[in-house]
Amino acid sequence: MREKDENFTNPLPQKVEYDLEEHLIYGKQKGWKKVLEWIFTICAWALLLSYVLYLIYGVLAVENGWYLPEFTIYNREMIMEIRKYFFFLFIVLLVVIVLLIFWKNYNLRRFGKLHRRRFRPPVENKELADLFELDESVVEKMQNDRYILLENNIVPEDLGIAGKNPKEDKYDDEKEEYHKRKYNL
C-alpha cells in the first residue's frame, strides 16, 4: 500500500464543518400554490407511470398475442415503433460497452504502470512561520483554535494578494460580531 510510504500525503480534503442552513433560501409559499404544485406533480407522475406500464404490457402483449387496449395516444403502432428503437438502443449500448472495455484495457496497458503524480510533502510549522514571519507557537495556536481574529494582515506583500481592500474595512466590526455570535465567543 502506498499509504505506508514515508512520502505519502493524503490527497483527500479533511473533514470540514459545513452549515447547510446558511446556504438554503427559505420562503413561505401560499397554501393554494402548494396544493397546485402537488396536483401537477401527482398528475405528471401518474402520466409517466401509466406510459411506462403500458409500454411494458404492450411489449408482452405483442409477444404473446394478448389483448392490447388502445387509447388516444397509446396504441399498437406506438408499441411496434418503440420496440424498434429499443432494439436499436440495445445494439448501441452493446457497442459502447465493448468500446469502453477496449479503451479501459488500452489505457491500463499503456498508462497503468506509470506513477506520474506526486503530492507535495506536508508543510511544516517552521516553513509557515518563516513565510508569514510569525513565531511557531502562533502558527500552532492558529491551527488549533476554532476561531482566529487577526489584528493585522499577515500575508506578505510579495505574494501579490496582500494589501488593504477598502470593501473589507467597511464591515470588519459586523463580521467580528457575527463570528463571535456564531462560535459563542
Side-chain angles (χ1 to χ4, degrees), residues 1-123 143 146-147 160-161 165 167-168 171 174-175 178-179 181-184:
M1 297 290 281
R2 284 191 47 228
E3 288 83 8
K4 295 181 181 174
D5 291 346
E6 63 185 48
N7 294 333
F8 176 78
T9 57
N10 188 1
L12 300 175
Q14 301 301 315
K15 191 173 186 177
V16 177
E17 288 185 27
Y18 181 75
D19 189 12
L20 184 63
E21 299 295 322
E22 290 181 6
H23 300 284
L24 293 179
I25 299 172
Y26 290 104
K28 293 186 178 182
Q29 193 175 27
K30 295 181 180 171
W32 67 270
K33 286 184 179 179
K34 278 187 182 180
V35 170
L36 196 62
E37 179 184 350
W38 274 99
I39 290 172
F40 280 134
T41 302
I42 290 171
C43 288
W45 276 107
L47 182 66
L48 182 67
L49 188 61
S50 69
Y51 179 73
V52 169
L53 289 175
Y54 187 81
L55 282 179
I56 292 171
Y57 177 75
V59 169
L60 292 174
V62 168
E63 288 288 325
N64 298 322
W66 300 341
Y67 170 70
L68 181 62
E70 295 187 3
F71 304 106
T72 52
I73 58 172
Y74 302 143
N75 54 32
R76 184 176 291 272
E77 294 170 18
M78 179 189 78
I79 297 294
M80 298 307 283
E81 282 294 317
I82 288 177
R83 284 182 64 194
K84 292 177 194 174
Y85 291 128
F86 281 159
F87 180 74
F88 175 72
L89 288 175
F90 180 71
I91 299 298
V92 169
L93 177 71
L94 289 178
V95 169
V96 167
I97 288 173
V98 169
L99 285 175
L100 287 175
I101 289 171
F102 279 123
W103 185 254
K104 178 197 72 109
N105 289 330
Y106 166 75
N107 279 331
L108 189 62
R109 288 187 185 171
R110 180 156 184 215
F111 304 113
K113 293 177 176 55
L114 298 178
H115 297 287
R116 294 178 290 192
R117 292 190 178 109
R118 299 278 185 246
F119 296 103
R120 296 185 64 188
V123 178
Q143 289 179 345
R146 183 175 177 156
Y147 175 76
I161 57 174
N165 186 350
K167 292 180 183 175
E168 289 180 3
Y171 302 106
E174 293 173 14
K175 285 183 192 174
Y178 169 76
H179 287 293
R181 277 183 282 142
K182 183 176 178 181
Y183 295 113
N184 298 325

Requested in this report: Would you give the length of the straight line joining atom CG of Leu68 to atom OH of Tyr54, rounded to the nearest 0.5 angstrom?
Outcome: 3.5 Å
**Report entry** Derivation of the salt bridge (Lys or Arg N to Asp or Glu O under 4.0 Å) call for Lys84 and Glu81
**Finding:** CA-CA 5 Å; Lys84 292 177 194 174; Glu81 282 294 317; 3.5 Å; yes
Query raised in the report: Once the angle between the rings of Trp103 and Tyr106 is folded into 0 to 90°, is it parallel (under 30°), tilted (30 to 60°) or perpendicular (over 60°)?
Result: tilted
Query raised in the report: Measuring from Ile42:CD1 to Leu47:CG, what's the distance to the nearest 0.5 Å?
Result: 14.0 Å
**Report entry** CD/Glu77: more than 12 non-hydrogen atoms of other groups inside 6.0 Å
**Finding:** no
Query raised in the report: Going from CG on Leu36 to NZ on Lys30, what distance comes out if it is rounded to the nearest 0.5 angstrom?
Result: 13.5 Å
Query raised in the report: Does the side chain of Tyr51 reach to within under 4.5 Å of the side chain of Met78, using non-hydrogen atoms?
Result: yes
Query - Student check: side-chain heavy atoms of Leu94 and Val98 closer than 4.5 Å - result: no
Report summary line: Rounding to 0.5 Å, atoms CG (Leu48) and SG (Cys43) come to a distance of 13.0 Å
Requested in this report: Answer yes or no: does atom CZ of Phe102 have more than 12 heavy-atom neighbours from other residues, nucleotides or ligands under 6.0 Å?
Outcome: no
Report task. Working to the nearest 0.5 Å, report the span between CZ of Arg83 and CD1 of Ile79. Result -> 9.0 Å
Report task. Measure the NZ-CG distance between Lys113 and Leu108 for me, rounded to the nearest 0.5 Å. Result -> 7.0 Å
